[in-house]
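What follows is a single structure, written as structure tokens, with notes after it.
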Amino acid sequence: MGVMIPLTGTVMKPIDTSKSIGMGGYFTSIFAHQRAPTDAFFFANVVVQNAVVGSAYMLGYLVGATPSGAFTPLAGFSGTVSNSDFTLSNVPSYESPMLLELRLRKGTSGAKYQPFKINAVHSSNGVTIYCSQVADPIA
Amino acid sequence: MSVTVDNLLFDFGLKQIQVQQARGAVLSIQDLINAIRQAEESVEGITYPKIADATGKDSLGGGVAVGVTVNLLDDWQLKWYSNGAYQAQVSGGNLVGGISDNPIAYTADVQVKVTQSANATVVTTGGSALTDSEKAQLASAEAKAKEVWQRVGLDASNPAKNKTDGGYEVGSIIVTGSTDGNGDVTQTRQ
């Protein structure tokens, strides 16, 4: 049943309660969630396989999901490889699709390897990246 | 952001490898590529694309290998500090790439000498130490060469003396001669 309230002028008009959400004819607020640009679409694991132990690694993504996009590091996903197979947990996805880039560098001590990078599209189901670093006979 | 490795400062913003060596010091290609790989691995460096490619060192046998060529990528250049007029030098391989194929950035009053070769080689020196057997062979060869040197009279402190019997003496070498019925002389070392 409509509630009669005065509007500007002399016309009295019933409010269409069928378009509001509430109980007993009272008005209620409708809240909506809006995704901020800094919020991730999802989080998923990235499994790295066959990395050379001792390599420095950094995971980031290429803006625009194109190979020419700017490399943007993902905070908290860099360090030194201690096991050839390891998992980076809860990697955020800021684009859909998001083109990940994993970089591996080992040129300081012991056997040295050429700078290595590999790309993969992030997935809510997780993604596995297999690395094939190449020894560097020059350095 | 920048990273310093040995005497090389890598400025990732300017894409310059600033050489901070003493005036006149020689920058070897091997030292350069070693430092580049270290800079690429650094916390700052890994956020940027690789600086250079390097090729070479394919073995040609006999301790000789194809020379090293360092190719500076993505407009990277070497730049020597301005410190008066002097000449710098890059040696030990080829250096290519850079802005418009110029790997050296201009520095006032600094002349950089770069030796390039279409077929550069690397000759390995040093290697493992001699074995006892190899040492003995070398000593024997040296001793024999010394005796030949003395026999032909080139050792001024040990003059060679030819004897009337057909033998001779020089240094510690004594050779006697004996003549047979046909007049042939046989020389025998004592």
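Chain A is the first sequence line, chain B the second, and so forth, proteins listed ahead of strands; every chain is numbered from 1.
- Cluster partners of B:I174, using a side-chain heavy-atom cutoff of under 4.5 Å among ILVMFWY residues and allowing indirect links: none.
- Here the shortest heavy-atom pairing between A:M58 and B:I46 reads CE-CG2, 3.6 Å.
- The greatest number of non-hydrogen atom pairs below 4.5 Å with chain B, out of A:G79, A:G60, A:A56, is found for A:A56.
- Both A:V81 and A:F77 belong to a single network of hydrophobic side chains, linked directly or stepwise wherever heavy atoms of I, L, V, M, F, W or Y lie under 4.5 Å apart.
- The hydrophobic clustering, which links ILVMFWY residues whose side-chain heavy atoms are closer than 4.5 Å, places A:Y94 and A:L59 together.
- In this structure, the portion of A:P137 lying under 4.5 Å from any heavy atom of chain B is its backbone and not its side chain.
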Would you list the atom pairs in which one atom of chain A and one of chain B form a donor-acceptor pair under 3.5 Å?
| unit_1 | atom_1 | unit_2 | atom_2 | d |
| --- | --- | --- | --- | --- |
| A:R103 | NH1 | B:I46 | O | 3.0 |
| A:R103 | NH1 | B:T47 | O | 3.0 |
| A:R103 | NH1 | B:Y48 | O | 3.2 |
| A:R105 | NH1 | B:E40 | O | 2.8 |
| A:R105 | NH1 | B:G45 | O | 3.3 |
| A:R105 | NH2 | B:Y48 | O | 2.8 |
| A:G107 | N | B:E41 | OE1 | 2.7 |
| A:T108 | N | B:E41 | OE1 | 3.0 |
| A:T108 | OG1 | B:E41 | OE1 | 2.7 |
| A:D136 | OD2 | B:R37 | NE | 2.9 |
| A:I138 | O | B:Q30 | NE2 | 2.8 |
| A:I138 | O | B:K57 | NZ | 3.0 |

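- Interface summary for chain A: among B:G56, B:P49, B:G93, the most heavy-atom pairs under 4.5 angstrom belong to B:P49.
- No continuous path of ILVMFWY side-chain contacts below 4.5 Å connects B:I51 to A:L104, so the two sit in separate hydrophobic clusters.
- A chain of hydrophobic side-chain contacts below 4.5 Å, direct or via other Ile, Leu, Val, Met, Phe, Trp or Tyr residues, connects A:L100 to A:I118.
- No continuous path of ILVMFWY side-chain contacts below 4.5 Å connects A:L99 to A:V63, so the two sit in separate hydrophobic clusters.
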